[in-house]
Amino acid sequence: MALFAPGLLAQVLFAQVNQLPSELVGVDVVEHIGEKVDLDLQFTAENGYQIPLKQLFHKGKPVLLNFVYYRCPMLCNLVLNGQTAALRDLAWTVGKEFDVVTISIAPEEQFNLAQAKKKYYLETYGRPTSGGWSFLTDFQGNTKRLADQVGFQYRWDEKTQQWAHAAAVMLLTPDGRISRYLYGVRFKDRDLRLGLTEASEGKLGSVGDKLLLFCFHYDPEAKGYVPFARNIMKIGGALSAVLLGVVLSFLFRRERHAPLPSGVATVK
């Protein structure tokens, strides 16, 4: 039996515990915040014709981008279901304040599958989108090029005969820069709202949303927006100062207008 030194044994155990399953090797999301994607890349639209990505980006509107494949038996449906549920809860409407672009990572999938998926999820969404939610398929390998640009790493798994990929969506600015990543199969309404406000560069959202964005910041470990204590303390301090000023002003005015005690003469 081989003997290991305590330090070496710990390293071996650590490697075994943290070793990824073979199905997940090469599957990851590497964030490229601030980088711009190539909007000239072309994809096949639901009608079978090729369109450049820039045709789906409109001035002033952020874009929610996600990669799935339409024959996915489980994870993609969970992501799309969670995304659609969050979009229904959102006060803003797809196609009005922001747009959504869904792209298949499976190069063999054709536009008829995209049509079917679009029909189902638009019916599930239940609001008119004015063409603001596009379901695309690959054209000349551009899906992989775009996925590499946003750091979405996926691969075909021979063992399961499925595409292995992560559960994430990307929020892009109107000019195609990567603003934020959201992870999981369920998305908080607050995270989506703050992420879109951030991606719109202040053009989307009310004063309250922008104030929330000041109080919350994105935490990569929590994979969402969390309270930012320093800014909350700043706001609390400012509000306290304003409140104190109002109270002192009120007391000063009341004292000036209060009647003088009897027997006290005023100086003219």
Side-chain angles (χ1 to χ4, degrees), residues 37 39 41-58 61-147 150 152 154 156 161-172 174 176 182-189 191-193 195-196 199 204:
V37 303
L39 296 181
L41 292 175
Q42 294 202 357
F43 297 87
T44 302
E46 306 95 338
N47 59 7
Y49 291 95
Q50 282 70 49
I51 59 171
L53 194 60
K54 62 185 175 184
Q55 188 171 318
L56 306 177
F57 280 67
H58 303 96
K61 289 184 184 180
V63 170
L64 188 157
L65 171 68
N66 65 320
F67 293 93
V68 297
Y69 71 102
Y70 302 132
R71 286 197 176 99
C72 180
M74 185 170 59
L75 183 57
C76 298
N77 293 327
L78 293 177
V79 172
L80 284 171
N81 291 344
Q83 174 182 302
T84 306
L87 293 177
R88 282 203 310 266
D89 292 339
L90 205 61
W92 306 323
T93 300
V94 175
K96 185 177 179 182
E97 287 87 2
F98 66 101
D99 293 321
V100 180
V101 176
T102 299
I103 304 178
S104 170
I105 60 176
E108 72 278 4
E109 292 189 333
Q110 301 298 313
F111 68 92
N112 60 321
L113 287 173
Q115 281 181 346
K117 279 290 180 181
K118 181 173 185 174
K119 182 177 185 296
Y120 174 79
Y121 279 104
L122 290 190
E123 289 175 354
T124 304
Y125 180 51
R127 296 189 217 170
T129 63
S130 304
W133 191 346
S134 302
F135 285 72
L136 310 178
T137 51
D138 184 49
F139 178 68
Q140 296 183 346
N142 285 336
T143 297
K144 185 64 169 63
R145 294 184 182 95
L146 181 61
V150 300
F152 188 84
Y154 60 93
W156 175 255
Q161 291 293 295
Q162 295 178 22
W163 288 94
H165 60 91
V169 301
M170 285 65 67
L171 300 175
L172 279 68
L182 298 178
Y183 297 89
V185 296
R186 296 183 63 86
F187 306 98
K188 296 179 181 178
D189 170 73
D191 287 351
L192 191 55
R193 190 171 77 251
L196 287 169
L204 182 62

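- At distances below 3.5 Å, not a single donor-acceptor pair connects side-chain atoms of Tyr154 with backbone N or O atoms of Ala147.
- Applying the ring-ring contact (aromatic ring centres under 6.0 Å, His included) test to Phe187 and every residue at least two apart in sequence or in another chain returns nothing.
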- For side-chain contact (heavy atoms from CB on, under 4.5 Å), just list the numbers for Arg88 and Thr124, CA-CA rounded to whole Å, side-chain angles, deciding distance to a tenth of an Å, and then say yes or no. CA-CA 9 Å; Arg88 282 203 310 266; Thr124 304; 3.4 Å; yes
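- Residues satisfying the salt bridge (charged side-chain N to carboxylate O under 4.0 Å, His left out) criterion with Lys96, sequence neighbours excluded, are absent altogether.
- Panel note: side chain Glu97, backbone Gly95; no donor-acceptor pair is recorded below 3.5 Å.
- Applying the salt bridge (charged side-chain N to carboxylate O under 4.0 Å, His left out) rule to Asp89 yields no partners; only residues at least two apart in sequence or on another chain are considered.
- Note that CD of Glu108 is 10.5 Å distant from OG1 of Thr137, once rounded to the nearest 0.5 Å.
- Taken from CG in Leu136 to CG in Leu56, the straight-line distance is 6.0 Å, to the nearest 0.5 Å.
- Among all heavy-atom pairs drawn from Cys76 and Tyr69, the shortest one is SG-N, 3.3 Å.
- Minimum interatomic distance between Ala86 and Leu192 (heavy atoms only, all atoms of both residues): CB-CD2, 3.9 Å.
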- Are Leu171 and Phe98 close enough, and set up right, to give a side-chain contact (heavy atoms from CB on, under 4.5 Å), and what steps lead you there? CA-CA 10 Å; Leu171 300 175; Phe98 66 101; over 6 Å; no
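- For Arg186, the CZ atom counts as loosely surrounded, since its 6.0 Å shell holds 12 or fewer non-hydrogen atoms of other residues, nucleotides or ligands.
- A donor-acceptor pair under 3.5 Å is absent between the side-chain atoms of Arg71 and the main chain of Leu113, judged by distance alone.
- Of the possible polar contacts, none joining the Ser130 side chain to the Gly132 backbone as a donor-acceptor pair under 3.5 Å is found.
- Between Asp138 and Thr44 the shortest heavy-atom distance is O-OG1, 3.5 Å.
- Side chain of Asn77 to main chain of Cys72: a donor-acceptor pair is present (N/O by atom type, distance under 3.5 Å, no hydrogens or angles).
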- Pair Val94-Arg127, side-chain contact (heavy atoms from CB on, under 4.5 Å): steps then yes or no: CA-CA 8 Å; Val94 175; Arg127 296 189 217 170; over 6 Å; no
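- Side chain of Asn142 to backbone of Phe43: no donor-acceptor contact under 3.5 angstrom is found.
- Under a 3.5 Å cut-off, the side chain of Arg193 and the backbone N or O of Leu90 do not form any donor-acceptor pair.
- Here the side chains of Leu80 and Asn66 are in contact, with some heavy-atom distance below 4.5 Å.
- Separation of atoms CG (Leu41) and CD1 (Ile51) is listed at 12.0 Å; rounding is to 0.5 Å.
- Put simply, CG on Asn47 and CG on Asn112 are 12.5 Å apart, with the number rounded to the nearest 0.5 Å.
- With sequence neighbours left out, the ring-ring contact (aromatic ring centres under 6.0 Å, His included) criterion links Phe67 to Phe152.
- Distance CD/Gln161 to CH2/Trp156: 4.5 Å, rounded to 0.5 Å.
- With sequence neighbours excluded, the residues forming a salt bridge (charged side-chain N to carboxylate O under 4.0 Å, His left out) with Glu123 are Lys119, listed by chain and number.
- Within the 4.5 Å cutoff, the side chain of Gln83 has heavy atoms near those of the Val169 side chain.
- Taking the six-membered ring where the residue is Trp, Phe135 and Tyr70 present tilted rings, their angle falling between 30° and 60°.
- Among Thr84, Thr129, Asn81, the one residue that satisfies the side chain to side chain donor-acceptor pair (under 3.5 Å) test with Tyr121 is Asn81.
- Separation of atoms CE (Met170) and CG (Leu64) is listed at 8.5 Å; rounding is to 0.5 Å.
- The shortest non-hydrogen separation linking Pro128 to Thr93 is O-CG2, 3.7 Å.
- Annotation for Phe57 and Gly176: closest pair CE2-CA, 3.8 Å, computed over non-hydrogen atoms.
- Residues Lys144 and Pro107 have side chains not in contact (no heavy-atom distance under 4.5 Å, counting atoms from C-beta outward).
- With sequence neighbours left out, the salt bridge (charged side-chain N to carboxylate O under 4.0 Å, His left out) criterion links Lys118 to Glu46.
- For the residue pair Pro62 and Ala199, the shortest heavy atom distance occurs at CB-CB, 3.7 Å.
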